[in-house]
Amino acid sequence: MSTLKAVRGTRDLLPPETSLWNRIEATARAIFARYNFGEIRTPIFEDTSLFARGVGEETDIVSKEMYTFTPADDVGRGLRGEGCARSRHGGDSEKSQSLTLRPENTAGVVRAYIEHKLGETGQLQKLYYIGPQFRRERPQKGRYRQFFQVGAEVIGPPSAGSESPLRDAEVLEMLATLLDELGITGWTLELNSVGAPADRARYNETLRAALVPVVGQMCEDCQRRAITNPLRVLDCKVPEDQPIIATLPVIADSLDEESKKHFAAVTAALDAAGVPYNRNHRLVRGLDYYTRTTFEFTHGGLGAQNALLGGGRYDGLSEAIGGPKAPGIGFAMGEDRLVLTLQALDQKAAPPQVDAYIAPLGESVNAAALALARELRRAGLRVELGDGSFRLKKSFEAADKTARRIVILGEDELQSGILTVKDFATGVQSKVPRAELVNFLKQ
Ligand code: HAM
């Protein structure tokens, strides 16, 4: 029988690397708290039409990369009882409902915003999330089929100030602070504006016209995009196409006065806060919901998949999926890529050292050793518990690999209440009364 392995594009994350993941998440949560964000958890799968209408049918994500399934399969394969129960409750239509593993989380957050009528509070909603997303992309370093995002959205009715360029600048400033606190040096903020939907439509037509004389020399994808969605030509990575793309008109020239003013206010606030950025005219992003500000933070250490995170404003998304007017701005960081970057910067996850390794001398003191371990752990110490069947040499070897000190517990120690403790760094061996052990180990 062939051995079972994790599915292509998915990975097991193991210690000690997971401690790096935990550090990233803890730092992100601390920063989100400082900026007054609260956590939202939305389902891993949603109605397929949410992504089709929210992210856009024409995007690569929706047209090629989604994991879509129908619960009708379940009904036919052993979940018949549940299927019957469903039909009794009138949930039969669910059988033909198409579901999709979330390829991103902004559409889900906006769906939840609408469903729970969060706009009626009249307040800005500042929501963050941490969790897995799924895209059927060709796996490579930094690109997986199950990957993790740490993201946040600021959304609300216009009366709450959700359209203000200050919100854009504040989100970008928060990201710069978060990357700095994570110890990610050398990032670049790429910034652009894709304007209002009308600006984008106008620019698409300008591009379409500009592509006519040159598209014949471009790659097949570009030839298709030039007809279906010329904007996507700007995403092309084929080296031979780059000199042609460099001569195409830029979206900045198609923006209306309002969008130009909005963008100027974003950059003025970034300048005042001292957050550096590069204006990147080609940054139109691969999701259709963006309006006005778009951005990515990139890092040279990542190779081809160099986007650490991406985001932007989506003033029409709520209405596109049937909700009230609720402008918003947000971002998602690729957690896998943050880990890769920290590793490239040589911030390896050191295996954590425990405070003490308890070595019971003989199986008869195993139970007493567990009681001692419980006492120390409850006092907040990190403790590894050995086994009485080990010879002392084996206990010392195991302890030396994981712990700062070894605590020896034999019949004599139990009787006298005086334990032998050896510190591996100093080589000093001490006799410590049990009542003083916690304080001794905490030093
Ligand atoms: P996105 O640019 O599609 O935007 O993804 C955001 C980040 O997720 C990327 O910059 C990258 O770091 C990471 N990422 C994407 N795909 C993969 C993959 N296959 N493997 C590893 N990492 C990946 C969004 O998802 C938007 N929802 C962001 C947003 C929030 N816009 C507004 N609010």
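Order of listing sets the numbers, starting from 1, for every ligand and every atom in it. On a predicted model such as this, the values are computed, not experimentally measured, just so you know.
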### Task
Measure from the side-chain N and O atoms of S395 to the backbone N and O of A359, and report whether any donor-acceptor pair falls under 3.5 Å.
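No; zero donor-acceptor contacts below 3.5 Å.
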### Message
Using a 3.5 Å distance criterion without hydrogens, assess whether the side chain of T27 forms a donor-acceptor pair with backbone atoms of L182.
### Response
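No; zero donor-acceptor contacts below 3.5 Å.
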### Message
Taking non-hydrogen atoms within less than 4.0 Å of ligand 1, which protein residues qualify?
### Response
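Under the 4.0 Å cut-off, ligand 1 touches E104, T106, Y129, R135, E137, G142, R143, Y144, F147, Q149, E153, R285, L287, Y289, Y290, A307, L308, L309, G310, G311, G312, Y314, G330, F331, A332, G334, R337.
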### Message
Do R136 and Y67 form a cation-pi contact, if we require the NZ or CZ to be under 6.0 Å from the six-membered ring centre and within 45 degrees of the ring's axis?
### Response
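Yes, R136 sits over the ring of Y67.
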### Query
With a cut-off of 6.0 Å (strictly less than), are more than 12 heavy atoms of other residues, nucleotides or ligands near NZ of K260?
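Atom NZ in K260 is crowded, with more than 12 foreign heavy atoms closer than 6.0 Å.
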### Cationic N near anionic O, under 4.0 Å, K394 to E397
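Answer for the salt bridge query: no.
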Would you tabulate the side-chain donor-acceptor contacts of residues 171-179 under 3.5 Å, counting partners in other chains and residues two or more places apart, or write 'none'?
residue, atom, partner, partner atom, Å
E173, OE1, Y35, OH, 2.8
E173, OE2, Y35, OH, 3.4
E173, OE2, T177, OG1, 2.8
T177, OG1, E173, O, 3.1

